[in-house]
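Input: a single structure, listed below in structure tokens.
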Amino acid sequence: MRSRRLADVLVPWYRQTARELPWRRSGFGAWGTLVSEFMLQQTPVARVIPMLEAWLERWPTPDALAGASPAEAVTQWANLGYPRRALWLHRAAVEIRDRHDGVVPRDVDELLSLTGVGDYTARAVAVFAYGDRHPVVDTNSRRVIARAIHGRTHPDAAHRRDLDEMSGLLPHADIDAAVMNAAMMELGQVVCTARSPRCDVCPVRDMCAWVAAGSPWTADTRRKQARYEGSDRQARGLVLKALRDAAPDPLPEEALLTSWHDPRQRDRALASLYDDGLIEPDGDLVHLPRR
DNA sequence: TAATCGTGGAG
DNA sequence: TCTCCAAGATT
């Protein structure tokens with residue numbers, strides 16, 4: 001059947017052509033893997049690499065990060081985006097210290113119980129750091145499945161059934177299954193890309209349902225990302241940038257978003273940041289979270 | 001379940 | 001210039 005043959009082609013293809021990335025080095029470690037996966041959540045590989053190395057140099061273990069303040073984590077996170085991830089990674093480090101003796105857990109359910117760790121990240125750590133056999137499904141592999149298996153241009157929204165589908169594609173041996181998971185992601189990222197797939201160099205084009213269907217380019221029905229300019233997210237981003245730049249010093253709340261056009265939106269952005277625990281009040285001052 | 005959450009590079 | 005979207009998680 002098709003699923004079996006896909007792995008027969010992709011596993012050797014990956015072994016021959018995969019890019020060298022920091023988290024693919026042997027002995028990179030579960031902590032490094034966990035940090036890299038947090039950073040890679042919605043942030044491109046090229047932007048992650050230098051930030052990851054700086055992070056691991058500063059905090060080489062979960063204990064080291066757990067001993068720092070959330071403010072330090074948010075500051076070190078710099079411009080990676082979605083700063084809640086920095087907060088959550090810090091919380092996860094505290095949980096690893098307190099509940100797992102400072103060792104990144106191997107069990108998927110224990111990984112899932114860590115703050116900020118979901119279906120993708122938990123299995124990525126179990127598979128890529130520990131070598132266990134689980135389906136790892138990210139946006140790239142979902143796109144490859146949509147095209148190669150179902151002949152669709154775009155994947156549907158992420159769903160847990162994706163895990164079952166990927167399970168059906170995995171070879172039996174743990175080591176090969178791990179490579180297959182990585183190969184699907186790699187193919188989606190470098191060949192079967194979202195906007196302009198490079199079918200001319202695709203190793204599985206002769207078994208691709210989408211190519212067989214004539215490579216139809218249908219509309220993407222998934223909801224588009226909201227406009228950023230003038231959004232709450234932009235307002236929040238400006239607040240955190242100001243606080244990161246001032247860190248470790250706080251700033252007067254009046255100094256934040258001084259030239260923002262919409263005072264109600266300014267209040268809303270600040271309120272949501274307080275709510276998320278990304279900022280905290282100290283009289284008239286605003287701090288990044290100190291504990 | 002669908003909306004929300006940053007930032008910057010590529011096309 | 002402007003749109004798209006990137007190794008997702010949470011509520």
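Just so it is clear, the values below take in all heavy atoms, side chains as well, and ignore hydrogens, waters and symmetry mates. In what follows, chains carry the letters A, B, and so on, assigned in the order in which the sequence lines appear, proteins first and then strands, with residues in each chain numbered from 1.
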B/dT4, OP1 or OP2 - any side-chain N/O from A/Arg233 closer than 4.0 Å? no

Using a heavy-atom cut-off of 4.0 Å across all strands, would you classify A/Arg24 as base, sugar-phosphate, or nothing? base

May I ask you to evaluate whether A/Thr139 reaches the phosphate of C/dA6, defined as a side-chain N or O under 4.0 Å from OP1 or OP2? yes

Looking at the side chain of A/Thr43, which of B/dC5, B/dG6, C/dC4 is the nearest nucleotide? B/dG6

Just how far, in rounded Å, is C1' of B/dG6 from CZ of A/Arg47? 8 Å

What's the closest nucleotide to the A/Arg227 side chain, out of C/dT3, C/dA9, B/dG6? C/dT3

For C/dA6, take OP1 and OP2 only and decide whether either is under 4.0 Å from a side-chain N or O of A/Gln42. no

Check the distance between B/dT7's P and A/Asp245's CG and give it to me in whole angstrom. 11 Å

How many Å lie between CG on A/Asp156 and C1' on B/dT1, as a whole number? 14 Å

Mind checking A/Ala194 for me? I need base, sugar-phosphate or nothing, with any heavy atom below 4.0 Å counting as a touch. sugar-phosphate

Under 4.0 Å, heavy atoms only, any strand: does A/Gln189 hit a base, just the sugar-phosphate, or nothing? base

Heavy atoms only, 4.0 Å cut-off, all strands: where does A/Val136 land among base, sugar-phosphate and nothing? nothing

Across the strands shown, which category fits A/Gly81 at heavy-atom distances under 4.0 angstrom: base, sugar-phosphate, nothing? base

Salt-bridge criterion met for A/Arg198 and A/Asp200 (N-O under 4.0 Å): no

Identify whether the distance between the nearest side-chain nitrogen and carboxylate oxygen of A/Asp232 and A/Arg236 falls below 4.0 Å. no

Closest to the A/Tyr82 side chain, choosing from B/dG6, B/dG8, C/dA6: B/dG6

Upstream residue (5' side of DNA chain C) when A/Arg19 and A/Gly116 are each assigned their closest nucleotide: A/Arg19

Less than 4.0 angstrom from a charged side-chain N to a carboxylate O is my criterion; do A/Asp156 and A/Arg152 meet it? yes

Is the phosphate of C/dC5, meaning OP1 or OP2, less than 4.0 Å from a side-chain N or O of A/Lys224? no

A/Thr17 side chain vs A/Trp13 backbone, donor-acceptor pair below 3.5 Å: yes

Taking only Lys NZ, Arg NE, NH1 and NH2, and the carboxylate oxygens of Asp or Glu, determine whether A/Asp119 and A/Arg123 approach each other closer than 4.0 Å. yes

Distance between P atoms of B/dG6 and C/dT11 (Å, rounded): 14 Å

A/Leu285 atom CG: more than 12 heavy-atom contacts under 6.0 Å: yes

Closest to the A/Gln225 side chain, choosing from B/dT7, B/dT1, C/dG8: B/dT7

Short side-chain N/O contact to B/dT7 OP1/OP2 from A/Tyr228, under 4.0 Å: yes

Atom CH2 of A/Trp77 and atom C1' of B/dC5 are separated, to the nearest Å, by 13 Å

Side-chain N or O of A/Arg244 versus OP1/OP2 of B/dT7: is the shortest distance under 4.0 Å? yes

Over all strands shown, is A/Thr121 touching base, sugar-phosphate only, or nothing at heavy-atom distances under 4.0 angstrom? sugar-phosphate

NA contact type, A/Leu80, heavy-atom cut-off 4.0 Å: base, sugar-phosphate, or nothing? base

If you measure from the Lys or Arg side-chain nitrogens to the Asp or Glu carboxylate oxygens, is any gap between A/Arg268 and A/Asp275 under 4.0 Å? no

Length of the CG-C1' vector between A/Leu111 and C/dG8, whole Å: 15 Å

Earlier contact from the 5' end, DNA chain B, for A/Gly237 and A/Arg223: A/Arg223

Of the listed nucleotides (C/dT10, B/dC5, B/dG6), which one gets closest to any side-chain atom of A/Asp232? B/dC5

Of A/Arg195 and A/Arg84, whose closest DNA chain B nucleotide lies nearer the 5' terminus? A/Arg84

Provide, to the nearest angstrom, the distance between the CG atom belonging to A/Leu87 and the P atom belonging to C/dA9. 16 Å

Phosphate oxygens OP1/OP2 of C/dA6: is one of them under 4.0 Å from a side-chain N or O of A/Asn140? no

Once you apply a heavy-atom cut-off of 4.0 Å, does A/Arg236 come out as touching a base, just sugar-phosphate, or nothing? sugar-phosphate

Atom-pair distance (CG on A/Asp138; C1' on C/dA6), nearest Å: 10 Å

Whole-Å distance, A/Ile49 CD1 to B/dG8 C1', equals 16 Å

